[in-house]
Structures are given as C-alpha cells and as structure tokens.
Amino acid sequence: MEREYNHRAVLNALPAQTRKELCAQSDGPGLLRLGLHLGAIATLGVAVWQSSWGWPALMVIQGVLWVFLFTTLHEVTHETAFRTTWINRATAWLTGAAVVLSPSQFRYFHLAHHRFTHDPVRDPELAGGKPETPWQYALYLSGLPDWRWRLTTLVSNALHGNQDAFVPDRAKPRIRREALLLIALYTVIAITAWQAALWAWLLPMLLGAPFLRAYLLAEHHLCPHVADMLSNTRTTFTNRAIRWLAWNMPYHAEHHAYPAVPFHRLPDLHRIMAPHLRETSPGYSQFNARVAKQLVSN
C-alpha cells in the first residue's frame, strides 16, 4: 500500500478476516471503562462536597471527567461501545443528560458530521465556525458559546420542535420528547438538590470545558476540506490517560476512516493505518500552541 492511497483504498486492501476481527464488538471493555469513569466522578464529587483537602483542584479534575462523558456519548452513538444494543442506548441517555445533549439529536448531528466530514457547507460541526482571532479562540476554549448552544437548542426543541435539516421528520417528535424529559429532569434536580448539583456537577463542568474544547479542536481544525478521511481528520499522539479518558478517540482519522471499529480495537487499526495518515499532531498542547501562534501572527 502506497502512501498516496485514500482511506477507502487502505480499507479495501484489508483481508476480510482482518476487517471482521477489527469490527468485533464486546460489552466487557466498555463496561469496565464506563464503570471506572463514573466511579471516579462519584468519588471526586464526594470529596468536593466534603471540602476535602485540595478540593478546588479536585473540582477541576472532576470537571474534566464530567465533560469527557461527551466522548462516551459519541461512542454509544455509533452503537459500537457495547455489543448489547440496550446498553448503548441506556448509556446514551445517561451521558446525554450529563452533558446536556439530546441523545437522538446528537446521533443525527454526528451521523451528518461523518457523512460530510469537514465539508464547509454540509458538516454541521462547522456551522458555528472556528476561531479566527485570539479573542474568538479564547471564547471557544471557554466553552461558553457551546453551553449557550446546548441550552438554547434544548429549550427550542421542547417549545418549537427540532428544526435541523439533518434530522428526518420521523425523528423530530422523539427529539421533542427527549427535550421535555431532560428539562423536567433538570427542574427536579434544581428543586431537590441544587447545591449538590452546583458544586459537584455544574461548576466542575464549566471548569473542565476548556480541556474538552482544546481536545475537540484538534480533530479537524486546519485540515484540508477534502473527502479523504486520512487528510480531513487528525490523529493526535498523546498519553494513555487521555486515550483512556477519550475512549481512544485521539485515533480520530482511524475512527473516521472505519467508524464500525469499536474503541478498544482502534489501536489495532492505528497500527495498520499509521503509514498513511496525512494529518497528525504530537500532542494537544502542541496543536493548540500552533493554533494560538497562527492567530496571533495573522
């Protein structure tokens, strides 16, 4: 296989048995990862609530764990995180509620993103634009525009129904019901446990948001607007902790090239595709430093 191959050529060259092995699903790896993730959130939440020593730093760490449930939602949206369908869907509800996203709406949003990856016109991820000035970059990292979008979208879905072009008409009533249920859930939490929610969920989420935003920016930003997944998507080389936290999604070009591969098999797919990757970064700090430097120099 030559380096100029696109992602389809690389995949077509794989033996059928290799593709079958790469796509084999299992409940075990996902349940272990989800259990440890939720357990860490709960443990840190208790520590923060009890004002344990170093609780401000613990709150930041807990916030990172909270916001990175977005990557869990991403995995179960593909229904590859677990072999059992109902576990994928239940986890989608759990994580969607945690990060204030309707699981059904996000599913259609994300499928459109995969179908039209980095297409300036049709990829919904690009609808909000990317930072073009230092101020826009700082605002992007804060996560505030994203939280505003999530909340206004939730309310709009509940009051007026979903208006997104990428959502089929048959799914719009379901998305409206989900929005109403989520708003009801948040209302109950606000009435019965607002202090715990504030200190153990909302404030940590705000503190953790910049870490997720910096992570997400590296996935496609500054990649060319072409159809080849080895070019329009970036794989970022990072440590095991971040790969664990993000369900191996730093192997992002590999994931876009072959979305049917479960997260726990992405390292194997990476070993196959590594020679063909066109967009990579040695780390998230390095990539964001590159972005900041470019914006300042413009």
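Values below: all heavy atoms of this structure, side chains included; hydrogens, waters and symmetry mates excluded.
With Asn162 contributing its side chain and Asp164 its backbone, the two residues share a donor-acceptor pair below 3.5 Å. A side-chain donor-acceptor contact under 3.5 Å links Trp201 to the backbone of Ala98. Remark: the backbone N or O of Cys23 is not paired with any side-chain donor or acceptor of Gln25 at under 3.5 angstrom. Put simply, the side chain of Asn232 gets close to the backbone of Val226: a donor and an acceptor are under 3.5 Å apart. Checking side-chain atoms of Trp66 against main-chain N and O of Ala200 turns up a donor-acceptor pair under 3.5 Å. Formation of a donor-acceptor pair under 3.5 Å by the Gln62 side chain with backbone atoms of Leu58 is not found in this model. Side-chain atoms of Ser156 never come within 3.5 Å of backbone atoms of Thr153 as a donor-acceptor pair (strictly under, hydrogens ignored).
Taking every heavy atom of both residues into account, Ile189 and Ala197 meet most closely at CG2-CB, 3.6 Å. Here the closest heavy-atom approach between residue Gln136 and residue Lys130 is recorded as OE1-O, 4.0 Å. Counting all heavy atoms, side chain and backbone alike, Ala92 lies closest to Pro103 at O-CB, 3.8 Å. Looking at every heavy atom in both residues, Ser231 comes nearest to Glu279 through O-CG, 3.1 Å. Smallest separation of non-hydrogen atoms from Gly96 and Tyr186: O-OH, 4.2 Å. What you find for Ser281 and Phe287 is that their closest heavy atoms are OG-CB, 3.5 Å.
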Go through it in stages, so that I can follow the logic: the residues are Leu73 and Phe106, the test is side-chain contact (heavy atoms from CB on, under 4.5 Å), and I'd like the CA-CA distance, side-chain angles, deciding distance and then a yes or no. CA-CA 9 Å; Leu73 173 62; Phe106 179 74; 3.8 Å; yes
Steps toward side-chain contact (heavy atoms from CB on, under 4.5 Å) verdict (Leu182, Val100): CA-CA 8 Å; Leu182 287 172; Val100 196; over 6 Å; no
Trace of the side-chain contact (heavy atoms from CB on, under 4.5 Å) decision for Val76 with Trp247: CA-CA 11 Å; Val76 295; Trp247 292 63; 5.9 Å; no
Given side-chain contact (heavy atoms from CB on, under 4.5 Å), test Thr95 with Phe70 step by step and report yes or no. CA-CA 7 Å; Thr95 53; Phe70 173 84; over 6 Å; no
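A 4.5 Å side-chain heavy-atom check between Arg177 and Ser104 finds every atom pair outside the cut-off. A heavy-atom distance below 4.5 Å is found between the side chains of Leu217 and Pro131. Proximity of Phe211 to Val67: side-chain heavy atoms (C-beta onward) are nowhere separated by under 4.5 Å. In this structure the side chain of Arg243 reaches within 4.5 angstrom of the side chain of Tyr251, judged on heavy atoms. Side-chain atoms of Tyr215 and Met249, non-hydrogen and from C-beta on, do get closer than 4.5 Å to each other. Ile175 is not listed as a side-chain neighbour of Lys172, based on a closest heavy-atom distance of 4.5 Å or more. For the pair Arg150 and Val99, the minimum side-chain heavy-atom distance is below 4.5 Å. With a 4.5 Å cut-off on side-chain heavy atoms, His7 and Arg278 do not count as touching.
Ring pair His225/His118 is parallel by interplanar angle, where below 30° counts as parallel and above 60° as perpendicular.
There is a path of hydrophobic side-chain contacts, each under 4.5 Å, that joins Leu38 to Leu65. One hydrophobic cluster, built from ILVMFWY side chains closer than 4.5 Å, holds both Leu181 and Ile183. In terms of hydrophobic clustering, with Ile, Leu, Val, Met, Phe, Trp and Tyr side chains grouped at heavy-atom distances under 4.5 Å, Val46 and Trp199 are assigned to different clusters. A continuous path of hydrophobic side-chain contacts links Leu202 to Trp149 [ILVMFWY only; heavy atoms under 4.5 Å]. With hydrophobic clusters built from ILVMFWY side chains whose heavy atoms lie under 4.5 angstrom apart, Leu180 does not share a cluster with Leu151.
At a cut-off of 3.5 Å, with distance as the only test, no side-chain donor of Thr235 or His252 sits close to an acceptor on the other residue.
Residues satisfying the side-chain contact (heavy atoms from CB on, under 4.5 Å) test with Ala179, not counting sequence neighbours, are Leu154, Asn157, Ala158. For Tyr137, there are no ring-ring contact (aromatic ring centres under 6.0 Å, His included) partners at least two apart in sequence or on another chain. In this view, Leu159 and Val155 satisfy the side-chain contact (heavy atoms from CB on, under 4.5 Å) rule, not counting sequence neighbours. The ring-ring contact (aromatic ring centres under 6.0 Å, His included) test applied to His221 returns no partner, not counting sequence neighbours. Every residue two or more places apart in sequence or in another chain was checked for a ring-ring contact (aromatic ring centres under 6.0 Å, His included) with Phe116, and none qualifies. Not counting sequence neighbours, the partners of Leu207 by the side-chain contact (heavy atoms from CB on, under 4.5 Å) test are Met59, Val60. Not counting sequence neighbours, the partners of Trp244 by the ring-ring contact (aromatic ring centres under 6.0 Å, His included) test are His37.
Within a 6.0 Å sphere centred on CH2 of Trp49, other residues, nucleotides and ligands contribute more than 12 heavy atoms.
The list of salt bridge (Lys or Arg N to Asp or Glu O under 4.0 Å) pairs with a residue in residues 191-216, not counting sequence neighbours, reads Asp146-Arg213. For residues 88-98, the pairs satisfying salt bridge (Lys or Arg N to Asp or Glu O under 4.0 Å) are Glu79-Arg89, with sequence neighbours left out. Sorted by first and then second residue, the pairs that involve residues 72-98 and meet ring pair (Phe, Tyr, Trp, His ring centres under 6.0 Å), not counting sequence neighbours, are His74-His78, His74-His110, His74-His255, His78-His110, His78-His114, His78-His255. The salt bridge (Lys or Arg N to Asp or Glu O under 4.0 Å) contacts involving residues 152-162 comprise nothing, where partners must be two or more places apart or lie in separate chains.
Here the straight-line distance linking atom OG1 of Thr91 with atom CD of Glu75 works out to 11.5 Å at 0.5 Å rounding. Between Leu94 atom CG and Thr72 atom OG1 the span is 9.0 Å, to the nearest 0.5 Å. Taking OG1 of Thr280 as the reference point, atom CG of Leu230 lies at 11.5 Å (rounded to 0.5 Å). Between the OH atom of Tyr284 and the CD1 atom of Ile242 there is a distance of 7.0 Å, given to the nearest 0.5 Å. Note that CZ of Phe166 and CZ of Arg107 are 13.5 Å apart. Values are rounded to the nearest 0.5 Å. Taking CG of Leu245 as the reference point, atom CZ of Arg33 lies at 9.5 Å (rounded to 0.5 Å).
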For a quick test of your reading: what N or O donor-acceptor pairs under 3.5 Å do the side chains of residues 260-272 make, sequence neighbours left out?
residue: Arg265; atom: NE; partner: Asp268; partner atom: OD2; Å: 2.7
residue: Arg265; atom: NH1; partner: Glu21; partner atom: O; Å: 2.6
residue: Arg265; atom: NH2; partner: Asp268; partner atom: OD2; Å: 3.2
residue: Asp268; atom: OD1; partner: Arg271; partner atom: NH2; Å: 2.2
residue: His270; atom: ND1; partner: Glu254; partner atom: OE2; Å: 2.6

